[in-house]
Protein chains: 2
Amino acid sequence: MAKERSGAGDPARTLELLWREPAPQDAPPRRGPRQGLSVDAVVRAAIALADSGGLEALTMRGVAQRLGVTPMTLYTYVPGKAELLDLMMDAVCLDMPRTGRPDGPWRARAEALARENLELCRRHPWVATLPAIRPPLGPGIMARYEHELAVFEGLGLDDVEMDAAVSLLFDFVRSVARSESDAQAAARDSAMSDAQWWEAHAPLLAKVFDAERYPLAARVGAAAGAAHQSPYNPDYVFRFGLERILDGLAALIASRGGA
Amino acid sequence: MAKERSGAGDPARTLELLWREPAPQDAPPRRGPRQGLSVDAVVRAAIALADSGGLEALTMRGVAQRLGVTPMTLYTYVPGKAELLDLMMDAVCLDMPRTGRPDGPWRARAEALARENLELCRRHPWVATLPAIRPPLGPGIMARYEHELAVFEGLGLDDVEMDAAVSLLFDFVRSVARSESDAQAAARDSAMSDAQWWEAHAPLLAKVFDAERYPLAARVGAAAGAAHQSPYNPDYVFRFGLERILDGLAALIASRGGA
DNA sequence: CTGTACTCTATACGACGTACAGAATAGCCG
DNA sequence: CGGCTATTCTGTACGTCGTATAGAGTACAG
């Protein structure tokens, strides 16, 4: 089984693929049969498969089937699954929504950025589950990073702080998106809604759970569940967390004399 | 392959296991051979295995080998891998460090809580990668939730806000811990340090990357990399994010008239 | 003792990524 | 045109996983 994401393969080949550089000598003269597919077609099929069934449905066999070829054919287009994941990640970042307007107060821009990133993770839930470390250095990731940094440019933050602010916001969005898709997966796999799941556990839990031993957990857990009509409400979690983080960033920016 | 975490199996059986309730009729009279192991032994072996090799090394075969039995033997102690993960998660939460003092200002308590949670995730990196949704409702999770809520009790927050604050803090720690262990895994799998990885990519990237097209990315990426002496510095990320989140929570608490 | 409930084992299935070997194809050279 | 060869695509195979199933061995109830 391939490790998640590249690192393994040849960095040069991976970068060529990401930037769609033709292998140098491949200019016109190709010897064998014409290629029936393209890297883009493979990447698109893989993205569609992962979007509909999650990362666990993303198999080389599955991608091949969608394209009407045998599994091993894919290996003439991409070195392996890890590099395919790199290409997928870069591709969806290149395509991500950019609705935020570059003018206006930074806080509105930051909120728009968070919503764009959340939208990216909602369209492609697997984005939130892939490691963000050593990202594929392709045009999509670069464009996203550039777009993110623009939100915090000119506010008095130094470069290291700008990078940290961007990461903090994205990691927050990632974690909300992961919870959201985990919740959907749990509902699907167990064929139970949150409410049904809770109903299945509550009476049994009552027998073993000592409310006097965990008074806050009993009180707050009940209140939170009732308020959300479910143990987990992603919209509330997103809004609550985003407000706190933006307030925290506002304090930093104010201390640096920024807008 | 088992889905991650239970949901699948019988909730009653899972809760019995979590709270170590003996199956009702099992009181004294057991018919067959004595059991050579115990649920606790299985859970301990599984935790040790996952701690040393990550979730991908956690296999039923591996756990069985550590215990000197055949894989199928484990199924007389736990219903399956998903329930075993539930038991592992609850066990490490029960054992987690609780060094924070219950007195003192809330901010110090919150920071101590974040460090305790980070320490939990550092000892058991797989904790940060498991879905937090529909957690195993065992004594360990309950104790952790109770401990977390105590930090925010009496500050003027309502119950729903207390729950959200606790989740925000834990999700932040989870994401830092995940990045940390992803970074270690990347270094291990690729047999390259971050610096070596960057050296391998920089000259190639220079050929395809247009710094004029991504001016902020070029400037900030270079500055952040240089400052951390690596593209990623977990300690800085943790301190930066924690300060922002605590500042944000402070603003909320102040607006509620809390300490 | 026999019957029965239980523990533990052996084998097997279908999934995965991909190594390897081979077949088919099409451009190059003569 | 024929042959060479680089390339594409296919078929088969290996070792991994969780766990279903069937059976072997063990110890208590009658």
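Letters A, B, ... are given to chains in the order of the sequence lines, protein chains preceding strands, and every chain is numbered from 1.
- Comment: A:D95 does not engage A:R123 in a salt bridge, judged by the lack of any side-chain N to carboxylate O separation of less than 4.0 angstrom.
- Remark: A:A128 pairs with A:C121, A:R174, A:A177, A:R178 by the side chain to side chain contact (heavy atoms under 4.5 Å, CB included) rule, at least two apart or across chains.
- Distance CG (A:L49) to P (C:dG17): 10 Å, rounded to an integer number of Å.
- Distance from the side chain of B:R31 is smallest to D:dC28 among C:dC16, D:dT5, D:dC28.
- Ring planes of B:F209 and A:W19: perpendicular class, angle over 60° (limits at 30 and 60°).
- B:E180 and B:R122 are joined by a salt bridge, as a carboxylate oxygen and a charged side-chain nitrogen come within less than 4.0 angstrom of each other.
- Contacts with DNA chain C (heavy atom under 4.0 Å) in residues 33-47 of chain A: A:P33, A:R34, listed by number.
- To the nearest angstrom, C1' of C:dT18 lies 14 Å from CG of A:L84.
- In this structure, CG on B:D10 lies 9.0 Å from CG on B:L15, to the nearest 0.5 angstrom.
- In this structure, A:Q65 places its CD atom 11 Å from P of C:dA15, rounding to the nearest Å.
- Using a 4.5 Å cut-off on side-chain heavy atoms (C-beta onward), B:R213 and A:E146 make no contact.
- The side chain of B:R61 sits closest to C:dA12 out of D:dT5, C:dA12, D:dA29.
- For the segment residues 68-80 of chain A, residues with any heavy atom less than 4.0 angstrom from an atom of DNA chain D are, sorted by number, A:V69, A:T70, A:M72, A:T73, A:T76, A:Y77.
- When the C1' atom of D:dT8 is taken as reference, atom CG of A:L67 falls 15 Å away, rounded to whole Å.
- Ion pair B:D182/A:R134 not flagged as a salt bridge, since none of the NZ, NE, NH1 or NH2 atoms sits closer than 4.0 Å to an Asp/Glu carboxylate oxygen.
- Rounded to a whole Å, the CE atom of B:M60 is 15 Å from the C1' atom of D:dT16.
- The pair A:R144-A:E148 meets the salt-bridge criterion, with a side-chain N (NZ, NE, NH1 or NH2) lying under 4.0 Å from an Asp/Glu carboxylate O.
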